[in-house]
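In this text the structure is predicted, and so the values were computed from the model without any measurement. Atoms within a ligand are numbered from 1 in the order they appear, just like the ligands themselves.
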Amino acid sequence: MRREIFALGVVVLSFVVFPASLFAYQAWRTNALDARVIELTANVPANGGWQPDTIRVHLGERVRLRISSTDVVHGFAVPALGIQVDEILPGHVEEVEFVASRAGRFPFACTRWCSVDHWRMRGVIEVIDPQNPNPASPTFAPPLYQQLNVNIDAAHPARNVPSEHPSAVRGAVLAEQITVDADTRTQSPSDVFAKLRADAALKSYGDLQLWDAIAFEWKRAAGDDAIARGRQLYARDCAACHGESGKGDGPAGRNLPGRTVIDASARRGPADFTNAAQMLGASDVLLQGKILRGGMGTGMPEWRSLYTDQDMWDVISFIRGFVFEYGMSDKK
Ligand code: HEC
Ligand SMILES: [Cu+2]
């Protein structure tokens, strides 16, 4: 009898009392910490972009953003806080809640191509610690291109250009015979080609075969997952200017600021990623430098405030496929 009462006790405790107290605790927590409600409206940049575009909150505060659109469909992302709202439909209110648990500046951006100037649609959430309202600005390690002294503003024509686009698919077949020993981040493909071409052991291979092996090595070093992630980032953030096919002919790239001001002979529209003579002369580090800093005086936006290092490597891995013939059509 004693035993049965004990067992019943255990059952009541584990199925009733414990869950109930957990539930009560959750409810108490949500009510106890009242969220600070902030209204945020999304407008195409021509109509003012984010209102407000600077959101200041205190460290430790629970914040509830109520986001609405006054015109077309927008998106909202704060990458550093892991916040993403895919769709903000006109006439609806999307709510996101977060606790401002870290002081600092957290850039946010629209993630939908809402208009030609979409990429200007950015803002920042500032989390201020009242105890320390003016902290020294954090120091970051300088980006790789600076550490390696790569001049990202210099022209980077390839020293060697293949007669046609190399193919990573053909290169896969050669991988057993041709060892491409290269650092695919810091060396440009054309420098790697020069090294292979000078290798007497590879004399029997034609130029295009060496290029194919290089194309495959770039793909292998990046990995299929990185290329697949890069494809998504590219579609969301780059294709409108650089074009679906990478040719620099996206609809948003046509009337960029700077294009009309600069010497008409200088092609300063979005870069053409299918141009082997240009792309093969650039190392991944150089491309990363341009992506994170943006092209001064042209419409190339900076991505340092929104992209992680991994995001940048992923998108570069994908872009390489426009010359190396991979990534565009494979489905994940
Ligand atoms: C608003 C239009 C626009 C968007 C969006 C854009 N770019 Fe660009 N991009 C440009 C322009 C214009 C240039 C040419 C800059 C120059 O001449 O220095 C450029 C240049 C570049 C270059 C330099 C190429 C080279 O060989 O020097 C890279 C790499 C690049 N963009 C990558 C990207 C990536 C990756 C994205 C998306 C994350 C992106 N761009 C989004 C307009 C854009
Ligand atoms: Cu937008």
Side-chain angles (χ1 to χ4, degrees), residues 42-50 67 69 71-77 79 85-88 108-123 145 150-158 188-190 229-243 246-263 266-308 311-320 322-323:
N43 316 274
V44 294
N47 292 329
W50 295 108
I67 314 172
S69 159
D71 40 40
V72 296
V73 182
H74 295 276
F76 175 77
V85 181
D86 288 333
E87 242 177 16
I88 299 156
F108 62 85
C110 174
T111 50
R112 282 296 188 101
W113 280 91
C114 50
S115 68
V116 279
D117 276 341
H118 150 78
W119 54 278
R120 294 172 179 273
M121 215 177 143
R122 295 182 177 185
Y145 79 90
V150 175
N151 178 2
I152 62 173
D153 292 309
H156 50 75
S188 76
S190 107
R229 283 193 304 269
R231 181 194 299 112
Q232 288 174 359
L233 292 170
Y234 185 85
R236 190 188 77 188
D237 296 332
C238 324
C241 284
H242 288 280
K247 292 202 175 70
D249 57 358
R254 283 185 200 130
N255 294 302
L256 290 175
R259 266 202 100 168
T260 45
V261 192
I262 298 165
D263 173 7
R267 190 183 134 78
R268 299 280 278 182
D272 174 357
F273 297 137
T274 67
N275 181 342
Q278 290 302 315
M279 295 306 289
L280 296 176
S283 64
D284 284 11
V285 169
L286 186 151
L287 298 178
Q288 192 210 32
K290 292 213 170 191
I291 295 168
L292 64 85
R293 191 203 64 182
M296 300 308 155
T298 76
M300 172 62 189
E302 64 84 21
W303 296 93
R304 192 180 188 178
S305 55
L306 296 174
Y307 270 30
T308 62
D311 290 341
M312 286 192 226
W313 295 128
D314 291 352
V315 83
I316 290 167
S317 300
F318 172 72
I319 285 172
R320 285 294 187 195
F322 289 122
V323 167

Within 45 degrees of the ring normal and closer than 6.0 Å to the centroid, is that where the cationic atom of R320 sits relative to W313? no

Determine yes or no for a side-chain-to-main-chain donor-acceptor pair under 3.5 angstrom, with [X] supplying the side chain and [Y] the backbone.
| X | Y | answer |
| --- | --- | --- |
| D314 | D311 | no |
| H242 | A271 | yes |
| W50 | N43 | no |
| H156 | Q278 | yes |

Worked check of side chain to side chain contact (heavy atoms under 4.5 Å, CB included) between K290 and M300: CA-CA 8 Å; K290 292 213 170 191; M300 172 62 189; 5.7 Å; no

For the residue pair F318 and F322, categorise the inter-ring angle as parallel (less than 30°), tilted (30 to 60°) or perpendicular (more than 60°). perpendicular

Nearest heavy atom to atom 28 (C) of ligand 1 wins, so pick from F273, Y307, Y234, F318. F273

Can you check which of A239, P270, A240, G248 brings a heavy atom nearest to atom 11 (C) of ligand 1?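 That would be P270.
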
Carboxylate-amine/guanidinium proximity below 4.0 Å for D153 and R293: yes

Atoms in ligand 1 flagged as close to [X], the criterion being non-hydrogen separation under 4.0 Å:
| X | result |
| --- | --- |
| I319 | 35 (C) |
| W119 | 1 (C) |
| A271 | 13 (C), 19 (C), 20 (C), 24 (C) |
| G269 | 11 (C), 12 (C), 13 (C), 14 (C) |
| C241 | 1 (C), 2 (C), 3 (C), 4 (C), 5 (C), 43 (C) |

With heavy atoms under 4.0 Å as the rule, classify the contact between P301 and ligand 1 as side chain, backbone, both or neither. side chain

Which one holds for M300 and ligand 1: side chain close, backbone close, both close, or neither close, with close meaning a heavy atom under 4.0 Å? both

Would you check whether [X] has a nitrogen or oxygen atom less than 3.5 angstrom from a nitrogen or oxygen atom of ligand 1?
| X | result |
| --- | --- |
| H242 | yes |
| D237 | no |
| H156 | yes |

Closer than 2.8 Å to the Cu ion (ligand 2), which protein N, O or S atoms? C110 SG, R112 O, C114 SG, H118 ND1

Intermediate values then yes/no, side chain to side chain contact (heavy atoms under 4.5 Å, CB included), E87 and R112: CA-CA 8 Å; E87 242 177 16; R112 282 296 188 101; 3.1 Å; yes

Step by step, would you call Q288 with Y145 a side chain to side chain contact (heavy atoms under 4.5 Å, CB included)? CA-CA 8 Å; Q288 192 210 32; Y145 79 90; 5.6 Å; no

Report yes if the side chains of D272 and M279 come closer than 4.5 Å at any heavy-atom pair, otherwise no.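 D272 does not reach M279 side chain to side chain.
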
Could I get the full list of side chain to side chain donor-acceptor pair (under 3.5 Å) partners for S188, not counting sequence neighbours?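 For S188, the residues satisfying side chain to side chain donor-acceptor pair (under 3.5 Å) (neighbours in sequence not counted) are D191.
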
